[in-house]
Colleague: 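Handing you a structure now.
Counting starts at 1 for both ligands and their atoms, in listed order.
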Amino acid sequence: MDHKPLHPDTLAAQALGWIDETTRAVVPPIHASSTYLRDPDNQFRSGRAYMRADNPAFDQAQALIAALEGGTQAMLFASGMAAATAVFQSLAPGDHVLAPKVMYWSLRNWLLGFASHWGLQVELVDMGEPDALRAALQPGKTKLVWVETPANPLWTVTDIAATAQLAHAAGARLAVDSTTASPLLTRPLALGADLVMHSATKYLNGHSDLTAGVLVTRADDDAWRRLKSIRVDLGGTLGSFEAWLLTRGLRTLHLRVQRACESALAIAEYFEHHPLVEQVLYPGLAAFPGHEIAKRQMQGGFGGMLSIRVKANARGGEAAAVAAAAAVQLWKRATSLGGTESLIEHRASVEGAGSPVPPDLLRLSVGIEHAADLIADLEQALRRAHA
Ligand SMILES: *Cc1c(COP(=O)(O)O)cnc(C)c1O
């Protein structure tokens, strides 16, 4: 065999080609033990002592995700929120951090609530505007820039390479929530980011049947070691069965993401000039403000997430959007994203007071069904909302 680097599809399909050394099984066993035997002299030369600190069930998924991201190490958490909040809790009270104005809602709320009370100086900026970032950075005081790209639910694209340069010049680290891009479409570490975070609940697992999170680091440095001890001490540890399921889900990541990208583009193009649609937000459309950056930093597609702003009916834009979501038969009215089934959601009412999301917006997570069925269902739902 020659030693050309293997394609991500090949790495994913074989989950790095690992076999179980004891049984020669091509699928790993599920390790359920919460504790490990010590040697007679009370050492544990296996390197493993207790499940909250370490679990062989994590090894394969962590190695595969690190390989796909081009990172040094990856670390699984019990959820995307556990992974993301660990990054902020590895900072010190008084540190200044920058995050996007429009981003994943639960994390935004936690930053403005818990993290701010705890002492972080959280400032939200428009991450689609390099000038806004430049103005907000406080050299020496800003310790972290947090970016989500494309960002929920307007799919704002942030230029990772340019952001990394600005952040590093000010002495700050850059962390990227790359959940919606997946490691197949964007590799933030190669663009200069220090840390990548995924909600593995979404594309990485891909079957809407667990919650998990992951961090991937560029360097095995002090910051990474701090994050490792935070995972152990705060106890946001993934379970063995979830880690095993995640490894299974990862094996089809490339097929699922590729289909979702193709269908999302087809849906975006179909509804872009539709008489019952005000606007389609999708990084793959040439008219989308971040399209040029997306073309540069996303390979193989623009993701499976898009939003549709519904034209007002007699009762307004919000009523039309809610009525369209009520009228779908195939799409599932549910939160989350990145599963095999397509989901539709009226974000403004889900987020509630203070939400920056336009009230006529429907967020779509495109699954792996046939695109024509998805389009037909949306078409009839929009017609019924305007009937
Ligand atoms: C879902 C999600 C999260 C949070 O992940 P959980 O697994 O639900 O805790 C963070 N960021 C983005 C972009 C998400 O979609």
Colleague: Applying side chain to side chain contact (heavy atoms under 4.5 Å, CB included), run through Leu253 and Tyr203 and close with a yes or a no.
Modeller: CA-CA 7 Å; Leu253 176 67; Tyr203 289 103; 4.1 Å; yes
Colleague: Does the plane of the ring in Phe88 sit parallel, tilted or perpendicular to the ring in Trp146? Use 30° and 60° as the thresholds.
Modeller: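 Judged by the thresholds at 30° and 60°, the geometry between Phe88 and Trp146 is tilted.
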Colleague: Can you pull out the closest protein heavy atom to atom 6 (P) of ligand 1? Residue, atom name and distance to 0.1 Å, please.
Modeller: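 Heavy-atom neighbour on the protein nearest atom 6 (P) of ligand 1: Gly80 N, 3.3 Å.
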Colleague: If you measure every N or O of Ala82 against every N or O of ligand 1, does any of those distances drop under 3.5 Å?
Modeller: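 There is no such contact.
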Colleague: Tell me: protein heavy atom nearest atom 10 (C) of ligand 1, and distance?
Modeller: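 For atom 10 (C) of ligand 1, the nearest protein heavy atom comes out as Tyr104 CD2, 3.4 Å.
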Colleague: Would you kindly confirm whether Leu330 and Val310 end up in one hydrophobic cluster when ILVMFWY residues are joined by side chain heavy atoms under 4.5 Å apart?
Modeller: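 As far as the 4.5 Å side-chain criterion goes, Val310 and Leu330 are connected within one cluster.
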Colleague: Ligand 1 and Asp177, any nitrogen or oxygen pair closer than 3.5 angstrom?
Modeller: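 Yes, at least one N or O pair falls under 3.5 Å.
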Colleague: Tell me which part of Leu107 gets within contact of ligand 1: side chain, backbone, both or neither, using heavy atoms under 4.0 Å.
Modeller: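 Leu107 to ligand 1: no contact under 4.0 Å from either part.
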Colleague: Please report the closest heavy-atom contact between Pro8 and Leu184, naming both atoms and the distance.
Modeller: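 For Pro8 and Leu184, the tightest heavy-atom pair comes out as CB-CD2, 3.6 Å.
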Colleague: Would you say Val145 ends up clustered with Leu124 if hydrophobic residues are merged whenever their side chains have heavy atoms under 4.5 Å apart, either directly or through other cluster members?
Modeller: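 Looking at the clustering, Val145 is in a separate group from Leu124.
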Colleague: Would you mind running through ligand 1 and noting each atom that sits below 4.0 Å from a heavy atom of Asn152?
Modeller: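 Counting atoms of ligand 1 from 1, those under 4.0 Å from Asn152 are 13 (C), 15 (O).
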Colleague: To the nearest 0.5 Å, what is the distance between CD1 (Ile344) and CG (Leu378)?
Modeller: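 Taking CD1 in Ile344 and CG in Leu378, the distance rounds to 5.5 Å.
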Colleague: About how many Å separate NZ of Lys101 and CE of Met127, when rounded to the nearest 0.5 Å?
Modeller: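 It comes to 10.5 Å.
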Colleague: For Glu345, is there an ion pair with Arg363 - N to carboxylate O distance below 4.0 angstrom?
Modeller: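 Between Glu345 and Arg363 there is a salt bridge, with a charged N closer than 4.0 Å to a carboxylate O.
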Colleague: Could you tell me, atom by atom, which parts of ligand 1 come under 4.0 Å of a heavy atom of Glu148?
Modeller: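 Taking each heavy atom of Glu148 in turn, ligand 1 has 13 (C) under 4.0 Å.
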Colleague: Can you tell me which residue and heavy atom of the protein come closest to atom 15 (O) of ligand 1, and the distance to 0.1 Å?
Modeller: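 Ranking protein heavy atoms by distance from atom 15 (O) of ligand 1, first comes Lys202 NZ, 2.8 Å.
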Colleague: Is ligand 1 less than 4.0 angstrom away from at least one heavy atom of Ala212?
Modeller: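 Per 4.0 Å heavy-atom rule, Ala212 contacts ligand 1.
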Colleague: For Gln299, look at atom CD and say whether over 12 heavy atoms of other residues, nucleotides or ligands are found less than 6.0 Å away.
Modeller: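 More than 12 heavy atoms, drawn from other residues, nucleotides or ligands, come within 6.0 Å of this atom.
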Colleague: Quick one: nearest non-hydrogen protein atom to atom 9 (O) of ligand 1, plus distance?
Modeller: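 Scanning the protein heavy atoms, the shortest distance from atom 9 (O) of ligand 1 goes to Met81 N, 2.8 Å.
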Colleague: Please determine if Met197 has a nitrogen or oxygen closer than 3.5 Å to a nitrogen or oxygen of ligand 1.
Modeller: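 No, Met197 has no N/O under 3.5 Å of an N/O on ligand 1.
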Colleague: Mind checking whether Thr211 has an N or O less than 3.5 Å away from an N or O of ligand 1?
Modeller: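 In this structure, Thr211 places no N or O atom under 3.5 Å from an N or O of ligand 1.
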Colleague: Any atoms of ligand 1 less than 4.0 Å from a non-hydrogen atom of Leu337? List them with their elements.
Modeller: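 Answer for ligand 1: 15 (O).
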Colleague: Atom 7 (O) of ligand 1: which protein heavy atom is closest, and how many Å away?
Modeller: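 Result: Thr201 OG1, 2.6 Å.
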